[in-house]
Visitor: 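Sharing a structure here in structure tokens format.
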Protein chains: 2
Amino acid sequence: MTEPSRPMRRQDIRRENEKAILLAAEKVFAEAGFGGATMQLIADLAGLPKANLHYYFATKEELYRSVVQNIFEIWLQAANCFDAARGPVDGISAYIDAKMEISRRHPDGSKVWASEVMHGAPVLQDYMESTLREWTDGRVEIIRRWIEEGKMDPVDPRHLLYMLWATTQHYADFGHQIETLNGGKSLSDRQWREAKENIKRVILTGIGAQPA
Amino acid sequence: MTEPSRPMRRQDIRRENEKAILLAAEKVFAEAGFGGATMQLIADLAGLPKANLHYYFATKEELYRSVVQNIFEIWLQAANCFDAARGPVDGISAYIDAKMEISRRHPDGSKVWASEVMHGAPVLQDYMESTLREWTDGRVEIIRRWIEEGKMDPVDPRHLLYMLWATTQHYADFGHQIETLNGGKSLSDRQWREAKENIKRVILTGIGAQPA
DNA sequence: TTGCATCCTGACCGTATGGTCAGCTTTCAG
DNA sequence: CTGAAAGCTGACCATACGGTCAGGATGCAA
């Protein structure tokens with residue numbers, strides 16, 4: 001527990017409340033979907049009266065948009081791992097690690113993102129057509145170069161990327177299924193490590209890039 | 001167009017209406033999620049008055065349950081491909097083909113299924129703990145045997161299964177993203193074929209099973 | 001201390017939604 | 001032909017939800 005709240009500064013109040021609301025919203029949106037989520041539920045989870053939510057976020061749509069943009073930022077950051085790399089082994093390994101870490105640390109955000117895309121990306125369409133497309137095209141180019149340089153087999157770069165996204169994202173979106181099949185327990189540290197190792201090994205071997 | 005409906009038999013009426021409702025429901029649930037879907041929307045899409053829906057399905061929950069169970073049946077059928085096979089190349093190839101065909105032919109159902117699991121499988125929990133678990137355990141055993149017989153590398157069977165599920169399911173659940181990155185056009189026959197080939201090749205090579 | 005901007009909230013409102021029902025039409029067994 | 005069962009539906013209801021607002025509390029600059 002923290003100190004019984006010092007008289008807070010205005011700035012802090014705003015920051016903390018927004019944070020609390022966004023965190024609660026992320027969880028509720030993830031669990032119930034946009035349509036199933038209620039401002040009341042989010043308010044309760046954030047420990048604030050409902051009317052206060054509307055003070056910080058005018059509408060449910062606006063709140064949702066903020067949540068989605070937040071997770072998109074995180075997603076983009078992980079994407080950088082790809083660039084620094086000199087070859088497929090480094091690059092793809094790092095990317096898998098990063099995305100698996102997101103699935104583990106931000107399962108709610110990942111679910112919201114998945115839900116958004118599944119429902120036709122009403123909020124993120126613009127980002128997908130600009131930022132995401134550019135990022136993807138860039139990475140496709142990198143992979144193509146790796147292939148030319150003989151560092152990996154000639155695999156279609158796009159389908160390879162989809163495979164990376166799918167496999168890593170799955171551990172967040174279908175986490176409940178995985179838990180159920182794991183005897184109702186969430187994956188242990190060891191199991192997460194094994195998951196990463198397996199994925200990296202199968203994919204790197206699969207594309208003909210020698211794992212270390 | 002079919003013949004301007006002959007005076008229908010009772011049985012036929014029931015069957016046709018249920019079918020129309022389930023089809024419409026699948027689409028609406030997929031597009032809007034359970035919470036965002038409305039009986040009115042489903043009714044409109046099915047071309048029936050709303051009250052008629054409640055004549056066939058007492059509640060929204062019951063209708064949803066039917067939709068989810070339907071897709072689970074399809075999912076289980078595809079699962080059979082695994083059994084007939086003599087080795088990983090046959091088995092996994094067939095399974096990937098079957099699951100990709102589901103993603104292509106039943107994208108709405110796939111999305112509903114994904115949504116259901118993402119939200120904690122409120123309806124399917126029982127199935128997951130019984131049918132799905134048994135199927136999975138059986139398949140894990142088969143893969144283990146393949147490994148023992150030297151037909152493939154020692155890969156963790158569970159994580160391999162997750163990878164198969166994730167990769168194939170992705171083409172339905174994230175179809176919108178894929179379309180957007182494909183210039184706004186849905187994948188062509190050729191692209192679907194390439195997708196399948198890439199996935200099969202990477203995974204089969206990745207687990208050390210010789211592709212044909 | 002004062003005045004003002006920010007922060008907060010209980011009570012309220014219009015609407016949309018899931019669901020009901022009384023009474024109609026259609027089918028079909030006997 | 002007849003009557004009962006199945007199929008159908010417009011009108012209605014209670015509730016829950018997103019959103020508003022008037023007015024109170026609080027921090028803070030001057």
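Throughout, protein chains are lettered first and strands after them, A, B, ... in sequence-line order, and every chain is numbered starting at 1.
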Visitor: For the residue pair A:E73 and A:Q77, confirm or rule out a side-chain donor-acceptor distance under 3.5 Å.
Guide: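 Absent: no donor and acceptor within the cut-off.
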Visitor: Could you tell me how far apart B:K60 (NZ) and C:dG19 (P) are, to the nearest whole angstrom?
Guide: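 So the NZ-P distance, B:K60 to C:dG19, works out to 8 Å.
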Visitor: With a 6.0 Å cut-off on the ring centroids, do B:W165 and A:F174 count as close?
Guide: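 Centroid separation for B:W165 and A:F174: 6.0 Å or greater.
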Visitor: Measure from CG on B:N52 to P on C:dT20 and round the result to the nearest Å.
Guide: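 These atoms are roughly 15 Å apart.
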Visitor: On a plain distance test, is the side chain of A:K50 in donor-acceptor contact with the base of D:dG19 below 3.5 Å?
Guide: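 Counting by modelled atom types and ignoring angles, a donor-acceptor contact under 3.5 Å is found here.
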Visitor: Measure OH/B:Y55 against P/D:dA5 and give the value in whole Å, please.
Guide: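 In whole Å, D:dA5 P lies 13 Å from B:Y55 OH.
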Visitor: In whole angstrom, what separates B:H54's NE2 from D:dG10's P?
Guide: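 Result: 15 Å.
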Visitor: Taking the nucleotide of DNA chain D with the closest heavy atom to each, which residue, A:A37 or A:A51, is nearer the 5' end?
Guide: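 The answer here is A:A37.
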Visitor: Which whole-number value in Å describes the distance from A:M39 CE to D:dG19 P?
Guide: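 Result: 6 Å.
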Visitor: Could you check whether A:Q177 and B:Y162, counting side-chain N and O atoms only, form a donor-acceptor pair closer than 3.5 Å?
Guide: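 No pair is found: no donor N or O on one side chain lies under 3.5 Å from an acceptor on the other.
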Visitor: Under 4.0 Å between a Lys/Arg side-chain N and an Asp/Glu carboxylate O for B:K111 and B:E26?
Guide: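 Salt bridge: no.
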Visitor: Let me know the distance between CG of B:L48 and C1' of D:dG10, rounded to the nearest Å.
Guide: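 Distance check: B:L48 CG to D:dG10 C1' gives 15 Å.
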Visitor: Counting just side-chain N and O atoms, does B:R14 come under 4.0 Å of either OP1 or OP2 of D:dG7?
Guide: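 For D:dG7, OP1 or OP2 has a side-chain N or O of B:R14 closer than 4.0 Å.
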Visitor: Within the 4.0 Å heavy-atom criterion, would you say B:E62 contacts the bases, only the backbone, or no part of the nucleic acid?
Guide: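 The answer is nothing, as B:E62 stays clear of every strand by at least 4.0 Å.
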Visitor: How long is the line joining CD of A:Q40 and P of C:dA11, in whole Å?
Guide: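 Computing the A:Q40:CD to C:dA11:P distance gives 13 Å.
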Visitor: How would you label the contact of A:Y56 with the nucleic acid (heavy atoms, under 4.0 Å): base, sugar-phosphate, or nothing?
Guide: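 The answer is sugar-phosphate, as A:Y56 gets under 4.0 Å only of primed atoms, P, OP1 or OP2.
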Visitor: Starting from P on D:dT20, measure out to CZ on A:F57 and report it in whole angstrom.
Guide: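 From A:F57 CZ to D:dT20 P: 16 Å.
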Visitor: With nearest nucleotide decided by heavy atoms, which residue, A:T59 or B:L53, maps closer to the 5′ end of DNA chain D?
Guide: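 The residue mapped nearer the 5' terminus is B:L53.
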Visitor: Considering every strand and a 4.0 Å limit on heavy-atom distances, what is the contact class for B:A43: base, sugar-phosphate, or nothing?
Guide: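 The residue B:A43 makes no contact with any strand.
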Visitor: Looking at NZ of A:K185 and CD1 of A:I178, how far apart are the two atoms once the value is rounded to the nearest 0.5 Å?
Guide: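 Between A:K185 NZ and A:I178 CD1, I get 15.0 Å after rounding to 0.5 Å.
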